[in-house]
Amino acid sequence: MNKRVVITGIGGICGLGSCAADIWAAMCDGRSAIGVLSGPSLHDITARTGCAIRNLPQHEIERKQALSMDRFSVLAVLAAREAVQQAGLTASDKNRYRLGATVGVGVCGWEAIEQDYRAMLLHGRKRTGAFTAPKVMPGAAAGHVSMDLGLRGPVYGVTSACSSSNHAIASAVDQIRWGRADVMVAGGADAPLVWGVVKSWEAMRVLSPDTCRPFSANRQGAVLGEGAGMIVLESYDHARARGAEILAELAGAGLSADAFDIAAQTIEGPEAAIRACLADAGLVPEEVDYLNAHGTGTKPNDQIETAAIKRAFGDHAYRMSVSSTKSMHAHCLGASGALELIACVMAIRHGIVPPTANYDEPDPDCDLDVTPNVARERKVKVTLSNSFAFAGTNAVLAIKAA
């Protein structure tokens with residue numbers, strides 16, 4: 001249970017770029033990819049602001065496998081391939097049963113669901129596509145990652161709305177700590193920019209009409225995006241034995257539940273997750289240099305998160321850097337935590353804190369150093385990444401310099 005777990009590869013795809021390096025470069029520039037959504041599939045949507053992947057890279061996934069994949073699974077495979085390539089890892093008959101995958105998903109395969117419902121209800125088709133069931137299941141992304149990379153160890157999906165990535169990564173850490181696997185490919189993927197999903201978020205009146213401004217007094221709500229982020233986790237001994245470059249250490253995780261409301265948050269739940277994460281990682285608050293906030297850009301979420309951070313960190317809350325990269329890649333639901341973990345790893349490696357873009361006006365209820373608009377050079381040895389979700393499920397990760 002005391003095994004150290006390290007990160008040896010990262011991969012990502014979202015509106016900011018098709019690889020982790022491009023995503024990081026855009027973050028450092030404070031460049032937002034949020035814009036106007038277009039396309040006939042959105043029909044009568046009025047909330048046209050979002051963060052889409054404009055050009056999906058050529059993926060060369062075998063046709064037989066591709067026929068059974070929804071978009072979120074494709075994104076997961078692309079990000080996982082990049083992470084595994086950077087880690088220099090190859091599955092073989094000697095190790096494949098010690099290599100696993102966990103992928104967090106918030107809304108699963110709605111693209112396939114919507115295509116089938118429209119075909120049947122509007123156009124009179126009598127049945128769904130032959131692969132609809134395996135396309136839409138929440139565990140499909142993890143299964144496709146395992147098939148694409150030849151991973152036969154622990155493989156499963158995790159779904160807890162906006163905390164799905166962090167829960168998947170925390171669960172992967174446990175598999176390594178418990179000795180069930182030597183390596184886990186972990187992260188999250190989501191592709192929610194389809195009519196039914198956007199329409200449901202529109203009905204809740206939480207979507208911004210223009211852009212995402214976390215912690216800014218004039219913020220108007222969240223913005224939905226699509227993407228995937230994946231990391232390669234290994235036991236420290238395994239990584240050292242094969243001579244892998246260690247990018248950072250996944251030092252701890254903290255999980256909690258609000259047990260309060262299906263949509264509204266409490267302060268106590270997020271605070272408990274932050275404290276549990278620090279304890280699991282063996283850290284004190286003063287050691288944290290940078291916190292990547294959940295920071296959705298809604299009025300109550302940002303205020304509650306700020307209050308939870310203040311409670312958990314005390315006076316140090318005002319001395320560390322905080323930012324929300326959702327201001328640039330939007331809220332990618334089940335993929336958000338994994339994309340934000342890329343920011344945490346790269347902040348440690350490059351000594352740069354990515355900014356909270358689109359920030360206009362200070363909010364007295366969100367009075368932390370949120371790194372407004374411009375990236376900041378800072379020595380970063382320890383970062384935390386917050387994810388808080390509907391149903392009050394909270395997951396916080398701690399990352400340390402290697």
Side-chain angles (χ1 to χ4, degrees), residues 14-16 23-24 26-37 46-51 162 201-202 204-225 227 263-265 267 270-271 274 289-313 317-333 336-337 339-340 343-344 347 352-378 383-390:
C14 65
L16 292 176
I23 292 169
W24 174 244
M27 287 179 177
C28 289
D29 289 343
R31 186 169 70 248
S32 174
I34 295 169
V36 178
L37 298 175
T46 57
R48 288 278 175 167
T49 303
C51 191
C162 311
W201 280 76
E202 184 180 83
M204 289 191 292
R205 300 182 180 180
V206 297
L207 294 182
S208 171
D210 53 5
T211 193
C212 181
R213 296 185 180 87
F215 305 113
S216 186
N218 62 341
R219 62 192 182 278
Q220 298 188 74
V223 174
L224 293 182
Q265 279 184 290
I267 297 172
E271 177 194 1
I274 293 170
D289 303 301
Y290 166 53
L291 186 146
N292 188 294
H294 187 58
T296 61
T298 65
K299 289 281 185 182
N301 176 272
D302 292 357
Q303 291 174 353
I304 288 171
E305 183 171 16
T306 300
I309 292 170
K310 289 178 182 179
R311 286 192 185 184
F313 285 92
Y318 292 95
R319 293 193 288 270
M320 66 183 181
S321 295
V322 177
S323 72
S324 171
T325 54
K326 286 185 181 72
S327 59
M328 296 176 277
H329 55 69
H331 196 346
C332 299
L333 302 185
S336 285
L339 291 168
E340 290 153 8
C344 290
I352 297 174
V353 173
T356 301
N358 309 314
Y359 186 90
D360 288 333
E361 303 175 23
D363 180 346
D365 291 320
C366 301
D367 58 347
L368 302 178
D369 178 5
V370 297
T371 321
N373 298 318
V374 179
R376 180 180 305 149
E377 291 187 5
R378 174 171 184 166
T383 70
L384 256 60
S385 178
N386 284 350
S387 284
F388 311 132
F390 282 174

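Not measured: the values here are computed from a predicted model. Just so you know, residue 1 is the first one in the sequence shown, and it goes up from there.
Distance CG/Leu16 to OG1/Thr325: 8.5 Å, rounded to 0.5 Å. Here OG of Ser323 is found 8.5 Å from CG of Leu291. Values are rounded to the nearest 0.5 Å. To the nearest 0.5 angstrom, Cys366 atom SG is 10.5 Å from Ile304 atom CD1. With values rounded to the nearest 0.5 angstrom, Cys332 atom SG is found 5.5 Å from Leu339 atom CG. The CG atom of Asn373 lies 8.5 Å from the OG atom of Ser327; values are rounded to the nearest 0.5 Å. Separating the CG atom in Leu37 from the CG atom in Leu224 is a distance of 8.5 Å, to the nearest 0.5 Å.
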Practice prompt. Test side-chain contact (heavy atoms from CB on, under 4.5 Å) on Arg213 and Thr211 and set out the steps.
Written response: CA-CA 6 Å; Arg213 296 185 180 87; Thr211 193; 3.7 Å; yes
Item to complete: Determine, step by step, whether Trp24 and Ile352 satisfy the side-chain contact (heavy atoms from CB on, under 4.5 Å) criterion, reporting the C-alpha distance in whole Å, the side-chain angles of both residues, the deciding distance to 0.1 Å, and the verdict.
Response: CA-CA 10 Å; Trp24 174 244; Ile352 297 174; 4.0 Å; yes
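Side-chain contact check for Phe313 versus Leu384: some heavy-atom pair is nearer than 4.5 Å. In this structure the side chain of Asn386 reaches within 4.5 angstrom of the side chain of Ile309, judged on heavy atoms. Between Lys299 and Asp365 the shortest side-chain heavy-atom distance does not fall below 4.5 Å. Here the side chains of Leu333 and Trp201 are in contact, with some heavy-atom distance below 4.5 Å. Two residues are said to be in side-chain contact when any heavy atoms from C-beta on lie closer than 4.5 Å; Tyr290 and Val322 fail this criterion. A heavy-atom distance below 4.5 Å is found between the side chains of Lys326 and Ser336. Within the 4.5 Å cutoff, the side chain of Glu361 has no heavy atoms near those of the Asp363 side chain.
Qualifying salt bridge (Lys or Arg N to Asp or Glu O under 4.0 Å) partners for Arg311, counting only residues two or more places apart in sequence or in other chains: Glu268, Glu271. Under the rule for a salt bridge (Lys or Arg N to Asp or Glu O under 4.0 Å), Asp289 has no partner lying at least two apart in sequence or in another chain. Applying the salt bridge (Lys or Arg N to Asp or Glu O under 4.0 Å) criterion to Asp29, with sequence neighbours excluded, gives Arg31.
Here the closest non-hydrogen pair linking Glu305 and Gly295 is OE1-N, 2.8 Å. Considering all non-hydrogen atoms of both residues, Pro214 and Ala357 come closest at CD-O, 4.3 Å. Of all heavy-atom pairs between Ser216 and Asp360, the closest is OG-N, 3.0 Å. Looking at every heavy atom in both residues, Met328 comes nearest to Pro355 through CE-O, 3.3 Å. Residue Pro362 comes nearest to Ala217 through the heavy atom pair O-CB, 3.4 Å, listed as atom of the first residue, atom of the second, then distance. The two residues Asp210 and Ile34 make their nearest non-hydrogen contact at O-CG2, 4.1 Å.
When only modelled atom types and interatomic distance are considered, Tyr359 and Thr371 share no side-chain donor-acceptor pair under 3.5 Å.
Judged by distance alone, with hydrogens and angles left aside, the side-chain atoms of Thr356 form a donor-acceptor pair with the main-chain N or O of Val370 at under 3.5 Å. Proximity of a side-chain donor or acceptor of Asp302 to a complementary backbone N or O of Phe215 within less than 3.5 Å is detected. Checking side-chain atoms of Arg219 against main-chain N and O of Thr298 turns up a donor-acceptor pair under 3.5 Å. In terms of modelled atom types and a separation under 3.5 Å, the side chain of Glu202 and the main chain of Thr46 share a donor-acceptor contact.
Salt-bridge check for Asp369 with Arg378: failed, with every basic side-chain N at 4.0 Å or more from each acidic carboxylate O. Electrostatic pairing of Lys310 and Asp367 counts as a salt bridge here, judged by a charged N lying under 4.0 Å from a carboxylate O.
Ring planes of His331 and His294: perpendicular class, angle over 60° (limits at 30 and 60°).
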